[in-house]
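This report refers to the structure that appears directly beneath it.
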2 protein chains.
Amino acid sequence: MDNMMLAYYAAGAGALALLFALFTLSSVLKEDMGTPKMREISEAIHEGAMAFLNRQYKTLIPFVVIIFILLYGAKFFVEGGEHLPVGGTSAISFLVGAVLSAVAGYIGMTSTTKANARTTEAARSHGMAKALNVSFRAGAVMGLSVAGLGLLGVSVLYIVFQSPLVINSFAFGASAIAFFARIGGGIYTKAADVGADLVGKVEAGIPEDDPRNPAVIADNVGDNVGDTAGMGADLFESYAATTIAAMLIGNTLFGFTGIIFPLLVGAIGIIASIIGTFFVRTSEDGNPQAALNVGLWSTNVMTAVGVYFLANTLFAEQGIGFGVFMAVLAGLIVNVAVGYLTEMYTGAGKPAVNRIAEASKSGPATNVIHGLAVGMESTVLPMLVFAAAIYFSFWAVGSASPPDKAGLWAIYGIAMAAMGMLSTAGMVVAMDSFGPVADNAGGIAEMAELPPEVRVKTDKLDAVGNTTAAIAKGFAIGSAALTALALFSAYVDGVKHKFADVLPGGEFIVNLTEPMVLVGLFIGGAVPFLVGAQTMRAVGEAAFGMVEEVRRQFREIPGLLEGKPGAKADYARCVDIATRSAIAKMIAPGIVAVSAPILVGFLLGAKALAGFLAGLTCVGVLLALFLANAGGAWDNAKKWIEQGNLGGKKSDPHKAAVVGDTVGDPCKDTSGPAMNPLIKVAGTISLILGPLLTRL
Amino acid sequence: MDNMMLAYYAAGAGALALLFALFTLSSVLKEDMGTPKMREISEAIHEGAMAFLNRQYKTLIPFVVIIFILLYGAKFFVEGGEHLPVGGTSAISFLVGAVLSAVAGYIGMTSTTKANARTTEAARSHGMAKALNVSFRAGAVMGLSVAGLGLLGVSVLYIVFQSPLVINSFAFGASAIAFFARIGGGIYTKAADVGADLVGKVEAGIPEDDPRNPAVIADNVGDNVGDTAGMGADLFESYAATTIAAMLIGNTLFGFTGIIFPLLVGAIGIIASIIGTFFVRTSEDGNPQAALNVGLWSTNVMTAVGVYFLANTLFAEQGIGFGVFMAVLAGLIVNVAVGYLTEMYTGAGKPAVNRIAEASKSGPATNVIHGLAVGMESTVLPMLVFAAAIYFSFWAVGSASPPDKAGLWAIYGIAMAAMGMLSTAGMVVAMDSFGPVADNAGGIAEMAELPPEVRVKTDKLDAVGNTTAAIAKGFAIGSAALTALALFSAYVDGVKHKFADVLPGGEFIVNLTEPMVLVGLFIGGAVPFLVGAQTMRAVGEAAFGMVEEVRRQFREIPGLLEGKPGAKADYARCVDIATRSAIAKMIAPGIVAVSAPILVGFLLGAKALAGFLAGLTCVGVLLALFLANAGGAWDNAKKWIEQGNLGGKKSDPHKAAVVGDTVGDPCKDTSGPAMNPLIKVAGTISLILGPLLTRL
């Protein structure tokens, strides 16, 4: 099987997803935006979000240019540079990866920020079913852009350059942007949120989303730049990196078949996701969660069936079709399992969350202690799931292989599990992006002072959005873990080729009993803690600036707090402050993330870098789970009390729970999500570094 | 060099330390105990502490008996059982390790709990210098018992059984007890502390150590069972495990010389520690911290000089004397460096701590967020120090070795670094144990209503005790890390022998690219989070019980809160509640710690267990640093505010800082310290398991 036509099919599927996304976007834009007031608010949010994206990407231009020049110039400095992942083609791949990540961000943000008022209007004029329809279609635009651009980019670069090695840089471009998008978006969203809540809700005592609150637009912008743009960039990166890692490993093991298979798995997943979106519909008093579940499950099943036939056809010669299919299936199952476990530890009303709520009775300290305990405990079962997936996917491919190839071929398994998980990214991102739209729609209903029954409908969708966000968070962490492992395997493969003549038996062995591997493991393990500290502190400082500004406006703008006509908050200034501080504070963690693997690789060698990747992945995944789940559990413990339990709002337990929730904010929305791109960016850099390193 | 006499020297040094400890104890007991009231309080604390130890060890008897039988019986079930670390001799070694750990606990606790009132009296009748003298001598009893019993036990068992393999179980016995002592003591101390503070200080508004507080005796007992008995057992374990790991590796590489060298390094360290204690003296208005520093530095220097000559003599034939000396020196330097870094992140008035204090201005949530950030950041430099120590110690021995041996012999380096660090354990534990004595002495001054100037003197010592406790905490974590790495090397060595005929080239390679190693890494990484969650929750629950009881007594005992004569708090009941809940709650984490490596080893094989140990060590050390330093920083941020900064006591920032301090309590005194024995117990179990495993 050596038919380049197959690569065109994959590119075609990517293009199809993109067309479908653009078509869906135009259909969303045809919906009615409602009253002038609604339109005005929506436009303010849209402008704020676009201003942030513009400034963020503008800030990153010098960074992208420097890396471009480095990649291009490196071929003159390393021996055999033409056959390494450096030079003009690599530099172009890098640029394409970075640009497509940004394009996905722009399309998705346009879609979600333009759909918010339209969702409110749909809820007002037609009802909940129509509102779900509008908001989910807006999310689908983001989801299918992410998956479509990912698959299209990788396929076209492969068709043009005909080498999986060269397109490594595509993944690096995607991850570099993703890291900044995640961190910048994470800082923005929490600075705005804390600023709006602390001064508005707590100090001034005005409700959530009240138009008198100067930070209210920034807060709504934050939901988009954090949950939509950040998550989208994150999964775009996972998608690109996994596909490329699978192609690299596949090329070594099976030649063209090994390269094309991951591309076609992506194509199947994308088509399944497109079809899956049509299953998301509900009646007026139906359950929107059930509708989304039907969409997700149908996508999973269609993908599995498609991959079953594809694997058995492509790998007929090697006889490992069923094994490969099982590995892909393992990835799909990890997705479901991690989502379930996330819900188990963070869902409102679950025992773990209720324990935190109960602990609020003895004050904020015990609330925080129990939240930390829940977060810690919540890492254990997902880690066992990942361990099982590693074992099973190796075993599935290995045991199907001829005995003399089993050890060698088994390594393809982990890449296939990652590929399986990510093939449905289109659908998962669609479900995730729908959340901020529903959230914003509720905010607009409040700010535009619509009748309360509109808010009831959007709240129903918003509640579902919280669950899908939890599922997507689990998906992002799980896919980051599997992607990192696939990148690790690909890195080892790259080093093996580079040092083939000096390695005993031609094998690159990362032996934990060697000092350099242990040194790398310890350094790699520390990096997630460093980035966690940096991002957590960044939120604290950015929020502080926002709190000062909101307080200033309430103090200095006459009549604002009393709601006198004519007294108007200066929303733009708050948006500007959040934007500036988020962008200023994303730089330092970015430097750590990019420079740490480079320093370890060049100063300590290839073995240390391998240990580094293992330590970084293990600890990064643990911290990601710990921070995300602790934050989610604190959030829902507070919500559970607000539903009237333990004295309800304004009671002492509620005050204690608010403290926990505030602690959890940077954990779950900034530091935790930063771990995913952190471990992936190290992996994609290492893929490029591997063949350039000068010592083992 | 093959002279068994040298082992007698080591045993002699151990016996000497023990005699010196008992002699010092009797001299401490000759000091005056002061007024009948002081005597009464001291005896209550002593009785409470002994009751806890009795109940704790009694609870552990069935556990010890079961392991004894398993070890003894295992020889009938495994092939070649007579030549494996199982059977009668191993079972006896295990028992001796467990019993000596308990003996060290009893001696040390007797000393510190009998010295508290004597220190108060010394401060009252003679002044601060004499009080330092009494309290430090009491600490020295603990320190020299730990080191002396450790060295004596290992040496005598070696003399009797003549095999380092058999005495593996000694380390296992010590670690099993240490794990329970650390966790039980940690839960006890925090339950009592939180109970005393939350109801006494916060709700009832009475001062610290007020005799009206029913939990006050339990609180003082807690200082002893947590800081003295727990820390002592922890370092006894590190001491035994490191010595034995060094002997095992040394035996493989250098035969008898490799076995005897660690024993003699221990002997030198003990003699240096004994001499060092004489340097700890100060004038009435001198600086007690300086006096302790002189003691520590003189011990370090004497040990280094002694080891220099010893290494050059014993390893003259191999020519690696200087390399071995450098590795030992690296261990001594790690000790100093980690202590310094601990102080940098947790010391009162340091920038990191002041940032937390400043953040208290915007409430408890920002205080907690900044504390988490400081804790995370504080892990980075120590991890780099450990990484440097790993690299340097391998390099030091390897580069001194003949080229064909370099790779092989270098592995001795890490064991030597661990040995160097632990050789001064006698002095470090002495400095650490002095703290609780000074703390208790202040409490007794308060409870016995002595004039305030007595409290001023004991407070001066108590402040120093906080610094030495921080140093000892750093020492405990650093030594646990190096011990775990030495145990890891010894485990690999053991597996190599067991599977010599099936391993390619006879080498046991722990290759991170193999699925089983990765699986082990992921599972091992999750275990510290699980134990962290269990212990944190245990404190929450135990403290809850204590809070209820203190509230009940204030409510039901007439006149207690008003301090009416005749109204007497029921101290014993609080002591009993703390004891019972601490012991009940130490069981579950204990089962996890002991069973996890056994399950991984037997179900997944030797490679998975190696990955497990690496993941557990890396993550365990990170969490130990994170939890201990975050807790220490929160504590000192609160103290800094209490010194009158940012509004001082009762201000809003102070209230916020109290929340952070309470969150930090279980972090720094229960969950954090639990990590050290956790990673060591896995290592010592694996040493025994290695030769018993049935699959790679």
Side-chain angles (χ1 to χ4, degrees), chain A residues 198 359 362-366 368-370 372-374 376-377 379-380 383-384 386-387 390-391 394-395 410-411 414 485 489 492 508-513 515-519 521-523 525-526 529-530 532-534 536-537 539-540 544 547 610-611 614-615 618-619 622 626 659 662-663 666, chain B residues 198 359 362-366 368-370 372-374 376-377 379-380 383-384 386-387 390-391 394-395 410-411 414 485 489 492 508-513 515-519 521-523 525-526 529-530 532-534 536-537 539-540 544 547 610-611 614-615 618-619 622 626 659 662-663 666:
Chain A
L198 218 63
S362 24
T366 40
V368 172
I369 289 172
H370 276 81
L372 292 174
V374 166
M376 287 188 166
E377 191 182 326
T379 65
V380 180
M383 287 298 275
L384 292 182
F386 297 143
I390 294 169
Y391 178 73
F394 269 81
W395 171 84
I411 205 178
I414 191 78
L485 291 168
S489 300
V492 168
F508 178 44
I509 289 166
V510 187
N511 189 348
L512 271 173
T513 66
M516 273 308 183
V517 177
L518 280 176
V519 164
L521 188 80
F522 269 56
I523 297 177
F529 276 84
L530 178 57
Q534 289 177 311
M536 210 164 266
R537 187 167 302 142
V539 172
F544 188 76
V547 165
C618 179
V619 175
L622 280 164
F626 165 57
V659 171
T662 312
V663 171
Chain B
L198 218 64
S362 20
T366 41
V368 172
I369 289 172
H370 276 81
L372 292 174
V374 166
M376 286 187 167
E377 193 183 324
T379 64
V380 180
M383 288 297 275
L384 292 181
F386 298 142
I390 294 169
Y391 178 72
F394 269 80
W395 172 85
I411 205 177
I414 191 77
L485 291 169
S489 299
V492 168
F508 178 44
I509 290 165
V510 186
N511 190 348
L512 272 172
T513 66
M516 271 309 181
V517 178
L518 280 176
V519 165
L521 188 80
F522 269 55
I523 298 176
F529 276 84
L530 178 56
Q534 289 177 312
M536 208 163 268
R537 187 167 302 142
V539 171
F544 187 76
V547 164
C618 180
V619 175
L622 280 163
F626 165 58
V659 171
T662 311
V663 171

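Naming convention: chains lettered A, B, ... in sequence-line order (proteins, then strands); numbering from 1 in each chain.
Not one N or O on the side chain of Asn511(A) forms a donor-acceptor pair closer than 3.5 Å with the backbone of Asn511(B).
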Leu485(A)/Leu518(B) under side chain to side chain contact (heavy atoms under 4.5 Å, CB included): CA gap, chis, key distance, verdict: CA-CA 9 Å; Leu485(A) 291 168; Leu518(B) 280 176; 4.0 Å; yes
Chi angles and distances behind the side chain to side chain contact (heavy atoms under 4.5 Å, CB included) call for Thr513(B), Ile509(A): CA-CA 7 Å; Thr513(B) 66; Ile509(A) 289 166; over 6 Å; no
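Shown here for Ile523(B) and Ala387(A), the closest heavy-atom pair between the two residues is CG1-CB, 4.0 Å. Across all their heavy atoms, Ala533(B) and Ala373(A) have their closest contact at CB-O, 3.2 Å. Considering every non-hydrogen atom in both Cys618(A) and Val619(B), the closest pair reads SG-CG2, 4.3 Å. The minimum heavy-atom distance between Ala526(A) and Val380(B), with the atom names listed, is O-CG2, 4.0 Å. When all heavy atoms of Tyr391(A) and Met516(B) are compared, the pair lying nearest together is CE1-CE, 3.1 Å.
In this structure, the separation between CG on Leu622(A) and CZ on Phe522(B) is 8.0 Å, given to the nearest 0.5 Å. Taken to the nearest 0.5 Å, the CD atom of Glu377(B) stands 7.5 Å off from the CD atom of Gln534(A). Taken from CZ in Phe529(B) to CG in Leu372(A), the straight-line distance is 11.0 Å, to the nearest 0.5 Å. With values rounded to the nearest 0.5 angstrom, Leu530(B) atom CG is found 9.0 Å from Leu384(A) atom CG.
Using a 4.5 Å heavy-atom cutoff, the side chains of Leu521(A) and Leu521(B) are in contact. Contact of the Val539(A) side chain with the Ile369(B) side chain is not registered, since no non-hydrogen atoms from C-beta on lie closer than 4.5 Å.
Both the backbone and the side chain of Thr662(A) have a heavy atom closer than 4.5 Å to some heavy atom of chain B. Heavy-atom distances place the side chain of Val492(A), and not its backbone, under 4.5 Å from chain B. Interface remark: Val547(A) contributes no atoms to any contact with chain B (heavy atom separation under 4.5 Å).
When each of Ala365(A), Pro364(A), Ala359(A) is checked for heavy-atom pairs under 4.5 Å with chain B, Ala365(A) comes out on top.
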